[in-house]
Amino acid sequence: MFRSSMVKQRQQERRCVLMQFFADIAVVGLRILLAIYAVFIIYQCFGSMRRQKRQESPLVMLYNKTIREKIPVICWENSIGRSKGSDIVIEDPTVSRNHCVLLRRREGWFVSDVGSKSGTKVNGRPVHSRHRVSLDDEIQIGSTTLALRRADEFDGDIRHHWFFSRVSSKPSVSAPLLLILVNLFYLFMAVEICITYGELRLPAFEVCGAMILFSWVLYAFSRGVFQRLNFELETLALFLTGTGAMLLVEQDIMDAWIQIIAAMVGATGYMLMLLFIANPDRIVKWRMAVMIVALGFLAVNLAFGRMEFGAANRIYIGGVSIQPSEIVKIAYIFVGASALDHLQTRRNLIEFIAFSALCVGALALMGDFGTALIFFVTFLVISIIRSGDYKTVMLAVAGAAFAVVLILQFKPYIAERFAIWGHALEDPYDAGYQQSGVLTYISSGGLFGTGVGNGILRYYGASETDLVFGIVSEEMGLIIALAIAFVIFGLVVYSRAISTRSRSTFYSISACCAASMMLTQTALNIFGCTDILPLTGVTLPFISAGGSSMLSCWGMLAFIKAADERTYSKSKLTGNA
């Protein structure tokens, strides 16, 4: 009898061990599936953006009567001059390097002189500001005469033109399918949370359901109300937003809901911004007002900002914290970019340099050096894209280095904040506590993570903001963490690709600036928490907790979306002269 009970007990133990073994295999399998699935979603989104075919015909044609040459006009805004950087290069010594701009608006085609030495004439009459040109009108620049002709009169070969390089005829992935893939990813994360805790966790499924509802409402408005033709960028943003919200479920459910609400408000602002910047000339009219409002935000921050963790970059209104510098990021891109004929004026450049100096100076006074660095890098990007003048860039870098020396001279405590940089593991229990923890738990997470909600790093200070890359690496694995970083890097590559095909210089510059701003922010967050760079306290776009950061991320996404010509219908892109 006793022997029989012992045998049954051993059989039961073996059965329990076997069941635990298969359960562990299922958990590991789910984590591996989640990593592969995340990479698959990102691949499908970027692949869809790359595959969709673009138009293959010029808008109008310029006929160079001097040398009898036909020039296809591909873009909505075209710089004309002797410089090799001009869109339309004229080999004529009497033509200025940047002579004039030919641009299209809804009212038709216009030409504008941008301060050339010999001036610009239309049918023999001098022009300075924008002047309407019609078909068969003649534009005189220097000793060269250009006649505006219909696009169908161009009989040359433009298949090898830069505008049409790497065109694919493969169909893009449908937006509903992409959304279903992302929604399933939310669901898998909710299931993994339940497996981690060994019980049903209703908050995980509630947040999952809210993200699913939000994604489909956004798609309905994008397609039905705003009539956008593609949804890949929004899908990537939803993927990142949902991942960040689900990570917050077991850390602070209130923060998860705040994240979703902020994303909804940000998506609403994203749609409104797309409507506002649909007309590039509207930006010029509102440019000064936006500049004044942005400086007002920074002034309020300087006056009422509360010092926290060495920086006074937040203000509190009724218990709600707001970070004005995040909103100013959007204004900074507004001011930095402009329509081509306004962009090349000296006054525009001086205003932008002064605005940049005031923004970076205000952030330095707040002690928010991470955001100040983001603004400075964006300033360099805008300067290079606007003029290609590397002398100006080198002068700006030298000035920034001099400013850093002054700051360290008069505020030596700033240097103490970065003293642990590169030596975090030498002092893991004090100054290097956060970075050492990130490095340790990234290692423990491995390729596929310890499970969503099963991390130790989430108990560290600022883990949901500054150290969130470490949480993703520990709980979801290094593969998913690197995939998230790749999404931001992919936006930079994509923005660079579409900038050469954009219908306005404003869209080209603003898209590159928004993407580079996100990339700089991502690099500072990832490299800061892993002790490659100093820990500056900036957020990881779309992932870190924070309403102000979420609003600015959706706002920056609007600039990238507006630059994509697939956003607009074919009739809007081609039109008639």
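For the atom pair CG (L178) and CZ (F239), the distance works out to 12.0 Å, reported to the nearest 0.5 Å. To the nearest 0.5 angstrom, R31 atom CZ is 14.5 Å from I36 atom CD1. We find the OG1-CG distance between T465 and N525 to be 8.5 Å, quoted to the nearest 0.5 Å. Interatomic distance, M517 CE to F379 CZ, rounded to the nearest 0.5 Å: 12.5 Å. To the nearest 0.5 Å, atoms OH (Y441) and CD1 (I471) are separated by 12.0 Å.
The environment of CZ in F205 is crowded: more than 12 heavy-atom neighbours from other residues, nucleotides or ligands sit within 6.0 Å. The neighbour count for F355 CZ, taken as heavy atoms of other residues, nucleotides or ligands under 6.0 Å away, is above 12. Counting heavy-atom neighbours within 6.0 Å of F221 CZ, excluding the residue itself, gives a total of 12 or less.
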Using the side-chain contact (heavy atoms from CB on, under 4.5 Å) rule, take L202 and L200 through it: C-alpha gap first, then chi angles, then the decisive distance, then the call. CA-CA 6 Å; L202 287 178; L200 180 64; 3.9 Å; yes

So W216 and N183, side-chain contact (heavy atoms from CB on, under 4.5 Å) or not? Walk me through it. CA-CA 10 Å; W216 284 100; N183 293 163; 2.6 Å; yes

Check against side-chain contact (heavy atoms from CB on, under 4.5 Å), V249 and E206: CA-CA 10 Å; V249 168; E206 290 171 355; over 6 Å; no

I484 vs F469, test: side-chain contact (heavy atoms from CB on, under 4.5 Å). Steps then yes/no. CA-CA 9 Å; I484 288 173; F469 180 79; over 6 Å; no

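Within the 4.5 Å cutoff, no side-chain heavy atoms of T536 are placed close to those of L373. A heavy-atom distance below 4.5 Å is found between the side chains of C359 and L298. Residues Y494 and L233 meet the side-chain proximity criterion, which asks for heavy atoms closer than 4.5 Å. The closest side-chain heavy-atom distance from D466 to C529 is not below 4.5 Å. A heavy-atom distance below 4.5 Å is not found between the side chains of I253 and L248. Within the 4.5 Å cutoff, the side chain of L240 has heavy atoms near those of the I488 side chain. With a 4.5 Å cut-off on side-chain heavy atoms, M476 and L247 count as touching. Within the 4.5 Å cutoff, side-chain heavy atoms of Y186 are placed close to those of L238.
For the pair R458 and E464, the salt-bridge criterion is not met [side-chain N within less than 4.0 Å of a carboxylate O].
Using a distance-only test at 3.5 Å, with no hydrogens or angles considered, no donor-acceptor pair links the side chain of S549 to the main chain of G546. Using a distance-only test at 3.5 Å, with no hydrogens or angles considered, no donor-acceptor pair links the side chain of S222 to the main chain of L218. E474 places a side-chain N or O within 3.5 Å of a backbone atom of L457 that can act as its donor or acceptor partner. With hydrogens and angles ignored, the 3.5 Å screen pairs a side-chain donor or acceptor of D252 with a backbone N or O of M254. One N or O on the side chain of S436 and one on the backbone of A424 form a donor-acceptor pair closer than 3.5 Å. No donor-acceptor pair closer than 3.5 Å links the side chain of S48 to the backbone N or O of Q44. The main-chain N or O of L439 is found under 3.5 Å from a side-chain atom of S443 such that the two form a donor-acceptor pair. Looking only at distances, no side-chain donor or acceptor of D531 sits under 3.5 Å from a matching main-chain atom of Q435. Between the side chain of Q434 and the backbone N or O of L535, no donor-acceptor pair lies under 3.5 Å.
A donor-acceptor contact closer than 3.5 angstrom links the side chains of S463 and Q251. With hydrogens and angles left out, the side-chain atoms of T450 and E475 include no donor and acceptor closer than 3.5 Å. Using a 3.5 Å distance cut-off with no hydrogens or angles, the side chains of S325 and N301 do not pair a donor with an acceptor. For the residue pair T371 and D368, a side-chain donor N or O sits within less than 3.5 Å of a side-chain acceptor on the partner. Side-chain polar atoms of S548 and E326 form no donor-acceptor pair below 3.5 angstrom. For the 3.5 Å distance criterion, the side chains of S356 and Y332 qualify, holding a donor opposite an acceptor. A side-chain donor-acceptor contact under 3.5 Å links Q521 and T539.
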Pair up each side-chain donor or acceptor in residues 288-295 with any protein partner under 3.5 Å, not counting sequence neighbours, and list the distances.
none

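Among the candidates Y507, W554, Y270, F334, the single residue satisfying the ring pair (Phe, Tyr, Trp, His ring centres under 6.0 Å) test with F559 is F334. When L177, T235, I212 are each tested for a side-chain contact (heavy atoms from CB on, under 4.5 Å) with V182, only one passes: T235.
Every residue meeting the salt bridge (Lys or Arg N to Asp or Glu O under 4.0 Å) condition with E199, not counting sequence neighbours, appears here in chain and number order: R201.
Contact detail for I560 and S495: the closest heavy-atom pair is CG2-OG, 3.5 Å. I277 and A562 get closest at one heavy-atom pair: CD1-CB, 3.6 Å. Considering all non-hydrogen atoms of both residues, Y37 and L181 come closest at OH-O, 2.7 Å. Residues G266 and L551 share a closest heavy-atom pair of N-CD2, 3.5 Å. The minimum heavy-atom distance between M246 and C208, with the atom names listed, is SD-N, 3.9 Å. Listed here is the closest heavy atom pair of C513 and T378: CB-CG2, 4.0 Å.
Two rings, from Y433 and Y460, have their centers less than 6.0 Å apart.
The aromatic rings of F486 and F46 sit perpendicular to each other, their planes meeting at more than 60°, with 30° as the lower class boundary. Using cut-offs of 30° and 60° for the angle between ring planes, the Y219 and F231 rings count as perpendicular.
With a 6.0 Å cutoff to the six-membered ring centre and a 45° limit on the axis angle, R282 counts as a cation-pi contact of F276.
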